[in-house]
Amino acid sequence: MSEKTLYENLQSFGLKKVFDYLDSNPETNIPKLLDWIKKFDKNGVVEKQMNVIEPVLKDKNSNWHKLAKSLYTDIDSGVRRTLFENFIINATILGGKRQRKAREENGCNIPWAILMDPTSACNLQCTGCWAADYGNKMNMDYDTLDSIIQQGKKLGTYMYIYSGGEPLVRKDDIIKLCKKHNDCAFLAFTNGTLIDEKFADELLCVKNFVPAISVEGFQEATDFRRGAGTYKAVTNAMEILKNKKLPFGISCCYTSHNTEVIGSEEYFDDMIDKGAKFAWFFTYMPVGNDAAPELLATAKQRKFMYHQIRDFRSTKPIFTMDFWNDGEYVNGCIAGGRNYLHINANGDIEPCAFIHYSDSNIHEKTLLEAYKSNLFMQYKEHQPFNANHLRPCPLLDNPGKLTKMVEKSGAKSTDMNNPEDVHNLSAKCLDAAKNWAPVADDLWEKSRKIKVE
């Protein structure tokens, strides 16, 4: 065992003992744990996040404190402990240090999380989803998925997220990977319809997997995009997970058709009541030649979500993240390996789940070679893409930025059925970018003034 590994193991052991202490009396010891983490975090890996969450977690009347307490009343103790250890210790603290060192040594981005598609197959055909076009043509076998995780851990990446297609089509392999890599945290963006009692029991055994169930609103909106009966299947899956004391969240794509529902207090309260502990929000992207640009959220709707999510963060016991409107908290775009990347079911290593262009394939290159590829280095060179971090995306918010990077790097479309010219893709976003720019600039200016004051 190397000196570095020994040191990391000792740190991990110390942190795990702290969680024993926390479990004994969370009401009293959560504030003490926060103080301890701040002292331990000598390199400032989580300093920014701690400065945000510490005041509200210590306030016993705050919604965040209520959310933290619910993790002890609503979640299986073994699952909670495993996820805390893998997410906070391995993925964030120890993994963060290893990532930082790898970045310095290699001069490239090293991601905190890897999003990967075990398969392009899906049991649904949702309106506006590019995966529906691929069918079951593409799959990464178990050994490839295992190799990605092994390579990633060496560079400090302990967070792995599955998408697709529908990743739970590959339930058996996913459970097998959870067991082998029991030091990692796993999450899946899933339509939820394949979650049953048997799978929930397997999750109780592995303890390191969390579903993020895709919901488009209530029954009408969800079934409109995902097919009749989907909402009922989804709510049944939520009930199973809640009864088993398993953590889960929701993944919401807001479009021109459903934004007002997804951003409503009624919807938030309903998801919290059903047991969701977190919610990821995405805005619709017109990816693919057959995409529906009319589903793009308007500037007014995007502004609505900006305000609603921020308002509910101070009142609702659920952790939320908007991958576009929260750019101000992460200094813009997080793709291209800066914080995450995407590997599709064909093995193409893409900068983002919504950017289907690549110059690397996992069957031909190592992860590190891909991080140093022309396309990923273009991302590293140009991030952030806008000084206004409420306009983070090189496709949706900054016309021409993605086009230039794709052309300069020589990256190709990864759509196997109908390759999409990057100019055509960018053109579909021009009006949205133009309309959002003045709204985002106004919001950004007001946000800066608040922080100064």
Side-chain angles (χ1 to χ4, degrees), residues 49 67 71 74-76 79-92 95-96 111-119 122 131 140 145-146 148-149 152-153 156-171 173-195 199-200 202-215 234 237-238 240-242 244-253 271 275-282 318-323 326 330 334-335 339-345 352-354:
Q49 295 91 328
L67 174 60
L71 300 180
D74 301 350
I75 305 301
D76 175 84
V79 172
R80 181 182 63 249
R81 180 188 174 92
T82 299
L83 287 172
F84 274 14
E85 290 177 0
N86 292 359
F87 184 82
I88 296 176
I89 300 176
N90 298 338
T92 304
W112 174 77
I114 293 177
L115 175 67
M116 54 188 182
D117 303 347
T119 180
C122 184
M140 284 194 288
L145 296 169
D146 180 47
I148 291 169
I149 298 170
K153 288 200 294 187
T157 303
Y158 284 82
M159 183 73 202
Y160 293 88
I161 305 171
Y162 297 111
S163 58
E166 169 48 51
L168 296 191
V169 169
R170 298 281 298 280
K171 284 181 184 180
D173 282 339
I174 284 176
I175 293 296
K176 188 177 176 183
L177 289 165
C178 287
K179 289 179 179 178
K180 178 173 182 179
H181 299 284
N182 58 8
D183 53 353
C184 291
F186 294 93
L187 182 143
F189 291 118
T190 170
N191 62 46
T193 61
L194 299 179
I195 294 174
F199 183 64
E202 290 178 319
L203 298 187
L204 278 172
C205 290
V206 296
K207 298 178 172 57
N208 59 346
F209 179 95
V210 180
I213 300 174
S214 298
V215 194
V234 165
M238 290 179 176
I240 290 172
L241 295 169
K242 184 178 181 180
K244 299 277 187 181
K245 303 191 80 170
L246 285 162
F248 70 90
I250 56 173
S251 169
C252 306
C253 176
M271 290 297 104
K277 299 301 179 186
F278 63 88
W280 295 162
F281 293 92
F282 304 86
I318 184 171
F319 178 80
T320 56
M321 180 177 289
D322 185 324
F323 278 77
D326 282 342
V330 290
I334 64 172
N339 290 102
Y340 102 108
L341 57 88
H342 178 240
I343 306 176
N344 71 18
C352 175
F354 301 99

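Values below: all heavy atoms of this structure, side chains included; hydrogens, waters and symmetry mates excluded.
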**Message:** Distance check, rounded to the nearest 0.5 Å: Met159 atom CE versus Lys153 atom NZ?
**Reply:** 14.0 Å
**Item:** Worked check of side chain to side chain contact (heavy atoms under 4.5 Å, CB included) between Phe209 and Glu202
**Value:** CA-CA 10 Å; Phe209 179 95; Glu202 290 178 319; over 6 Å; no
**Asked** Does Leu203 reach the side chain of Ile175, with side-chain heavy atoms less than 4.5 Å apart?
**Response** yes
**Request:** Tell me yes or no: between the side chains of Ser163 and Asp117, is some donor less than 3.5 Å from an acceptor?
**Result:** yes
**Prompt:** Can you tell if the side chain of Ile195 reaches within under 4.5 Å of the side chain of Met238, non-hydrogen atoms only?
**Reply:** no
**Prompt:** To the nearest 0.5 Å, what is the distance between NZ (Lys245) and CG (Asp74)?
**Reply:** 7.0 Å
**Request:** Can you measure from CD1 (Ile174) to OG1 (Thr119) and round to the nearest 0.5 angstrom?
**Result:** 10.0 Å
**Message:** Testing the basics here: between Ala353 and Leu115, what is the closest heavy-atom pair and its distance to 0.1 Å?
**Reply:** CB-CD2, 3.6 Å
**Complete:** Of all heavy-atom pairs linking Ile75 and Leu246, the shortest is CD1-C, 4.0 Å
**Prompt:** How close do Lys244 and Ala200 get, heavy atom to heavy atom, and via which atoms?
**Reply:** CG-CB, 4.0 Å
**Request:** Could you check if a side-chain atom of Lys180 sits within less than 4.5 angstrom of a side-chain atom of Ile149, using non-hydrogen atoms only?
**Result:** no
**Asked** Hey, does Thr190 have a side-chain heavy atom less than 4.5 Å from the side chain of Tyr162?
**Response** no
**Asked** Between OG1 of Thr193 and CD of Glu166, what distance do you get to the nearest 0.5 Å?
**Response** 6.0 Å
**Step-by-step side chain to side chain contact (heavy atoms under 4.5 Å, CB included) determination, Leu177 to Tyr160** = CA-CA 11 Å; Leu177 289 165; Tyr160 293 88; over 6 Å; no
**Asked** Does the Lys207 side chain pair with the main chain of Leu204, one donor and one acceptor, at a distance under 3.5 Å?
**Response** yes
**Asked** Are side-chain heavy atoms of Ile334 and Phe323 found at a separation under 4.5 Å?
**Response** yes
**Message:** Can you tell me how far apart CD (Glu85) and CG (Asn208) are? Round to the nearest 0.5 Å.
**Reply:** 11.0 Å
**Message:** I want to check something: taking the side chain as every heavy atom from C-beta on, are Phe319 and Trp280 in contact at a cut-off of under 4.5 Å?
**Reply:** yes
**Message:** For a side chain to side chain contact (heavy atoms under 4.5 Å, CB included) check, start with the C-alpha distance between Phe199 and Leu194, then their side-chain angles and the critical distance, and finish with the verdict.
**Reply:** CA-CA 8 Å; Phe199 183 64; Leu194 299 179; over 6 Å; no
**Prompt:** Are Phe87 and Trp112 close enough that their ring centres sit under 6.0 Å apart?
**Reply:** yes
**Asked** Does the ring center of Phe282 lie less than 6.0 Å from the ring center of Phe189?
**Response** yes
**Asked** If we only count heavy atoms from C-beta on, is the Lys277 to Leu67 side-chain gap below 4.5 Å?
**Response** yes
**Fill in**
Heavy-atom nearest pair, Asn86 first then Cys184, reads ND2-O, 2.8 Å
**Message:** When you compare the side chain of Val79 with that of Leu83, does any pair of heavy atoms fall below 4.5 Å?
**Reply:** yes
**Request:** Would you give the length of the straight line joining atom CG of Asp173 to atom CG of Asp146, rounded to the nearest 0.5 angstrom?
**Result:** 10.0 Å
**Asked** Of the non-hydrogen atoms in Pro167 and Ala188, which two are nearest, and what is the gap between them?
**Response** CG-CB, 4.2 Å
**Request:** Check Ala237 against Ile213 and note the closest heavy-atom contact, atom names and distance.
**Result:** CB-CD1, 4.5 Å
**Request:** Evaluate side chain to side chain contact (heavy atoms under 4.5 Å, CB included) for Leu341 paired with Ile114, printing each intermediate quantity in order.
**Result:** CA-CA 6 Å; Leu341 57 88; Ile114 293 177; 4.1 Å; yes
